[in-house]
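The structure appears right after this line, and notes come after that.
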Amino acid sequence: MNYPSLQNKASLKSVAAFIPENILSNQDLEKIIDTSDDWITRRSGIKQRRIAAEHEKASDLGTRAALLAIQRANLKPSDIDAIVVGTLSPDYFTMPSTACKIAANLGLEGISAFDISAGCSGFIFLLETAKALVESNLRKNVLIVGAEKSSSVMDYTDRGICILFGDGAGAAVIGVDDKYPIIDTHTATDGRYAELLKIERSDKTSNAQPLAMKMQGKEVFKIAVETLKNDVVEILAKNNIKSEDIDLFIPHQANLRIIKAVQEKLNFPDDKCVITIQKYGNTSAASIPMAMNEAYEKGRLKKGDLILLDAFGGGFTWGSALLKFGGDDFKGK
Ligand code: UT7
């Protein structure tokens, strides 16, 4: 069926990130669990990750990224008319939403604000939701935020998972601009795999965390690689875009080997791929906007660049997006 083309095209008009100060290196982890820098580097590509301070919650990290994203979109907080947050480490489990807290931190009462639970694919789901809100004329300027204090749901005695995750936040403003559209998004889920990657009550009474993430890493890895390789090929084909047309590939940062598998599938040279996993680990819903922000601040991402995003996470959830970057070129901090 052919749908009538919508008048307004949603556009990603800015990106920003907040990166906590404290570094947890592989060498630090060697002191608390049976692991090695060599193993973590070879199997995941990670060298270090950031850990938020005790008093910092996901909403605090998200608010810092949000303020900068709003400023970079040449807007004021009062111009934002909806906030959608992706997080697996919300301030509260599960109410109030982290989006409510971010709205309050920005001084915005009475606007729509809600969280999306899509694990590490959160940012693609946020993008799709914001695109729909803007293109249906329901909202004008939607703030999307990936905010993670993953350390609050991590069992630091489980070496199969705690080596992977880090804290951080990334944000973007989605508004209207027909010249630099979010061309397409694809999101999908398969709940048959729910048990392979989940957060549940910790069974360790000695563990200070009441909740802990659990993962059957090898199984998740295999399905993630195959799913993402197919997903990126499909979104490019559906939109008649060749991989050589893509200026930057900004994948979710779960494992360097997963990123490399997709990179090889699409024949992307290294200079077309944004990789930050060595510094930040897997920051779940925050990883794509954090990586996008890094490319932006380094001058690798310019207005009008054609970007491909992909992500995979607990649920299972996965997805991809194609867009022209609609932000102004970076002018310095
Ligand atoms: O973002 C959401 C999606 N997440 C992902 O996509 C993550 C997917 N999974 C992964 O990234 C990888 O599976 C891991 C990095 C978690 C693990 O890598 P792997 O190559 O799949 O290792 P494995 O789980 O098969 O374990 C291999 C060996 C095992 O020892 P044996 O049974 O061969 O003697 C593990 O016990 O490595 C051992 N091992 C470790 N050794 C040192 C597991 N974790 C560690 C560790 N340090 N931290």
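Numbering of ligands and ligand atoms starts at 1, following listing order.
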### Query
Judged by atom type as modelled, is there a donor-acceptor pair below 3.5 Å linking the side chain of Asp247 to the main-chain atoms of Leu306?
yes
### Query
Considering distance alone, does some N or O of Ser36 sit under 3.5 Å from an N or O of ligand 1?
no
### Query
What is the closest protein heavy atom to atom 35 (C) of ligand 1, and at what distance does it sit?
Arg159 NH2, 3.9 Å
### Summary
atom 47 (N) of ligand 1 sits nearest the protein heavy atom Thr35 OG1, 2.7 Å
### Task
Indicate yes or no: at least one non-hydrogen side-chain atom of Thr283 is less than 4.5 angstrom from one of Gln253.
no
### Sub-4.0 Å atoms of ligand 1 with respect to non-hydrogen atoms of Lys218
13 (O), 21 (O), 25 (O)
### Message
Can you list, by chain and residue number, the hydrophobic cluster partners of Met95 when the side-chain cut-off is 4.5 Å?
### Response
none
## Note on the structure
Of Phe316, Trp318, Trp39, the residue with the heavy atom nearest atom 45 (C) of ligand 1 is Trp39
### Task
State the atoms of ligand 1, each with its element, that fall below the 4.0 Å cut-off from a heavy-atom position in Ile258.
6 (O)
### Query
Will you find, in the side chains of Ser284 and Glu148, an N or O donor that is under 3.5 Å from an N or O acceptor?
yes
### Query
Any nitrogen or oxygen of Arg43, main chain or side chain, under 3.5 Å from a nitrogen or oxygen of ligand 1?
yes
### Shortest protein heavy-atom distance from atom 14 (C) of ligand 1, along with the residue and atom involved
Asn255 ND2, 4.5 Å
### Query
Among protein heavy atoms, which lies nearest atom 4 (N) of ligand 1, and at what distance?
Val220 CG1, 3.9 Å
### Query
At a 4.0 Å threshold, what atoms of ligand 1 neighbour a non-hydrogen atom of Gly217?
8 (C), 9 (N), 13 (O)
### Task
May I have the step-by-step check of side-chain hydrogen bond (donor to acceptor under 3.5 Å, both in side chains) for Ser151 and Asp167, ending in yes or no?
CA-CA 7 Å; Ser151 56; Asp167 300 342; 2.7 Å; yes
### Query
Tell me: protein heavy atom nearest atom 18 (O) of ligand 1, and distance?
Arg257 NH2, 3.6 Å
### Task
Could you list the atoms of ligand 1 found under 4.0 angstrom from a heavy atom of Asn282?
1 (O), 2 (C)
### Message
Which of the numbered atoms in ligand 1 are under 4.0 angstrom from any heavy atom belonging to Cys120?
### Response
1 (O), 2 (C)
### Message
Quick check on contacts: which atoms of ligand 1 are under 4.0 angstrom from a heavy atom of Ile163?
### Response
48 (N)
### Message
Looking at Lys272 and Ile246, would you say the former's side chain and the latter's main chain have a donor-acceptor pair under 3.5 Å?
### Response
yes
### Message
If the condition is side chain to side chain contact (heavy atoms under 4.5 Å, CB included), which residues does Asp270 pass it with, not counting sequence neighbours?
### Response
Lys260, Gln263
### Query
What atoms in ligand 1 come closer than 4.0 Å to a heavy atom of Phe312?
1 (O), 2 (C), 3 (C)
